[in-house]
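Read through the structure below, which is laid out as structure tokens, and then see the notes.
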Amino acid sequence: MRQFAPSLALALLIPVAGCGQQSFRPFMPPEGGYTVLMPGSPSRSERDENGLRMTVYEAGRPNESYAVASAAVPPGGVDLDGAVSGLAGTVGASGTRSQGQSNNGDGWREFEIEANGGRWFYSGRVLATRERFYTVLAAGADARLSNPRVKTFIESFRLTDGATPGPGNWSPAPAQPMTPPMNPSPPFGAPVPPFGGPTLGRPSDLPPPPPPPAAPLPNPAVTPFRPTPPAEKIAGHPADPTFRDEAPAGGWLVGFDVWYSKFVNNDIIGAIRPIYWVNNAYALGQVHGTPTQSGTRLLAKPGYVVGAVNVRAALAIDAITVTFMKANGEWLDKNDSYMSERLGGTGGWPTDISGNGAPVTGIVGRKSANVSGLGLTYRAAK
């Protein structure tokens, strides 16, 4: 059967002048199917590409343009190598490099095409999977694969109905050696009593508990401080299923178990589990995401609890940094605090999430295979 080779002539049609200095933000087409980071608000068009009816979303920055095209795969499938070579021929390439793999009709090719004597570049990926064909394409004067903006755009593309063909899914990295936990304890990830079971007692893999948060001394002449909890927000993926994990009544969030994973070549957080302080003992929340063999445990010092987090995220949680605050009865002292080391990689965009002194009682977020969004929950003032 004939394999179709789309010419990808759409590269010549996207607006090369850009539309201002737009920041990248998550985008999902109204018909669904994938998520990606794009600058500004993409425009939509329908185009015929050498036998394929393609739906195209495109947006631009100064001298750079970005497009994602998708189409149903016709009988016989799509020739991914032909798609790349067809584009190279269309733009009069002076140099082309590409790599990729395929398996049972699914596959991908990543490419960089130099045109116009090195004054213009086309970089991206073509993918075929589950009877759909996708083109993820950047074009511009510096649209090389090494350009951080281009890299962010290409690597953020994720299908919503299953695995996305690409380097991270076709050549999985070997398991990393386990990172020692921050606190001396038996091996990270060792079995612990289930959260909410008959005993909320101290799991054996946690260090000795700190003293309970101190209650303020009563002073009739002083009106107690009652911080108003802010609205909850989630940093990260805009569309994955949500979850909520909160401490039992009267509990505080005091730390996290974190497992590391990979998104393409970037370090991310694959799974997270909250750790609570309740009834003068530790209690573990649920694991959200997929644990790996690499992880660490982060716990507050005695008398301190989680007060805020800085989340670096795009379509995954790249890293978190936790701010611990001194617990003072029913509020937290923002002037008596300290920050943890950063857990995770260097990708994503930072978002600060804080209760502004309100007690933090748990986490809210989104997840698919990995945890992909994270926020905090708060206890209302009495």
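Since this is a predicted model, take the numbers as computed values, not measurements. Throughout, residue positions are numbered sequentially from 1 according to the sequence presented.
Shown here is Glu131, whose CD atom has no more than 12 heavy atoms of other residues, nucleotides or ligands within 6.0 Å.
Side chains of Tyr122 and Leu137 form a contact here, defined as non-hydrogen atoms less than 4.5 Å apart. In this structure, Leu374 and Ile320 have side chains that are in contact, with non-hydrogen atoms separated by less than 4.5 Å. Within the 4.5 Å cutoff, the side chain of Val84 has heavy atoms near those of the Val126 side chain.
For the atom pair OG1 (Thr346) and CG (Asp267), the distance works out to 7.5 Å, reported to the nearest 0.5 Å. One finds the OG atom of Ser65 at 9.5 Å from the CE atom of Met38 (value rounded to the nearest 0.5 Å). From Tyr378, atom OH reaches atom CG of Asn356 across 7.5 Å, with rounding to the nearest 0.5 Å.
In this structure, Arg379 forms a cation-pi arrangement with Trp252, its terminal cationic atom sitting closer than 6.0 Å to the ring centre and no more than 45° off the ring axis.
Tracing side-chain contacts under 4.5 Å through hydrophobic residues (I, L, V, M, F, W, Y), one reaches Phe243 starting from Leu253; they form part of the same cluster. Hydrophobic clustering (side-chain heavy atoms under 4.5 Å, transitive across Ile, Leu, Val, Met, Phe, Trp, Tyr) groups Ile272 together with Val311. Linking ILVMFWY side-chain heavy atoms closer than 4.5 Å, directly or via other members, places Ile269 and Leu298 in a single hydrophobic cluster. Under a hydrophobic clustering in which Ile, Leu, Val, Met, Phe, Trp and Tyr are joined whenever their side-chain heavy atoms come within less than 4.5 Å, directly or via other members, Val305 and Trp277 fall into the same cluster.
Checked against a 6.0 Å centroid threshold, the rings of Tyr66 and Phe24 count as neighbours.
Taking a 4.5 Å side-chain heavy-atom cut-off between Ile, Leu, Val, Met, Phe, Trp and Tyr, the cluster of Met28 contains only that residue.
Heavy-atom minimum distance, Leu315 versus Pro238: CD2-CD, 3.9 Å. Looking at every heavy atom in both residues, Asp240 comes nearest to Ser372 through OD2-OG, 2.8 Å. When all heavy atoms of Leu159 and Pro165 are compared, the pair lying nearest together is CD1-CD, 4.2 Å. Of all the heavy atoms in Ala249 and Val278, the pair that sits closest is O-CG2, 4.0 Å.
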*Taking it one step at a time, do Thr377 and Thr361 satisfy side-chain hydrogen bond (donor to acceptor under 3.5 Å, both in side chains)?*
CA-CA 6 Å; Thr377 66; Thr361 57; 3.1 Å; yes

*Report the C-alpha separation of Phe27 and Tyr57 in whole Å, then their side-chain angles, then the decisive distance to 0.1 Å, and conclude whether the ring-ring contact (aromatic ring centres under 6.0 Å, His included) test is met.*
CA-CA 10 Å; Phe27 169 73; Tyr57 288 91; 5.2 Å; yes

*asked:* For a side-chain hydrogen bond (donor to acceptor under 3.5 Å, both in side chains) check, start with the C-alpha distance between Arg47 and Ser45, then their side-chain angles and the critical distance, and finish with the verdict.
replied: CA-CA 7 Å; Arg47 300 175 188 170; Ser45 62; 3.2 Å; yes

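For Arg312, there are no side-chain hydrogen bond (donor to acceptor under 3.5 Å, both in side chains) partners, not counting sequence neighbours. Arg366 meets the side-chain hydrogen bond (donor to acceptor under 3.5 Å, both in side chains) test with no other residue; sequence neighbours excluded. Judged as a ring pair (Phe, Tyr, Trp, His ring centres under 6.0 Å), and not counting sequence neighbours, the contacts of Phe157 are Tyr34, Tyr134.
For the residue pair Arg25 / Ser41, a side-chain donor-acceptor distance below 3.5 Å is found, with atom types taken as modelled.
Within the structure, ring-ring contact (aromatic ring centres under 6.0 Å, His included) pairs that include any residue of residues 335-373 comprise Tyr304-Tyr338, Phe324-Tyr338 (at least two apart or interchain).
At least one donor-acceptor pair closer than 3.5 Å links the side chain of Thr292 to the backbone N or O of Ser294.
A salt bridge is defined here as a Lys NZ or Arg NE, NH1 or NH2 lying under 4.0 Å from an Asp or Glu carboxylate O, and Asp333 with Lys326 fails to meet this definition.
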Ignoring hydrogens and angles, write down the donor-acceptor pairs under 3.5 Å from the side chains of residues 138-148, residues two or more places apart or on other chains.
from, atom 1, to, atom 2, distance (Å)
Asp142, OD1, Arg144, NE, 3.3
Asp142, OD2, Asn147, ND2, 3.4
Asn147, OD1, Arg149, N, 2.9
Asn147, ND2, Glu64, OE2, 3.1
Asn147, ND2, Asp142, O, 2.7

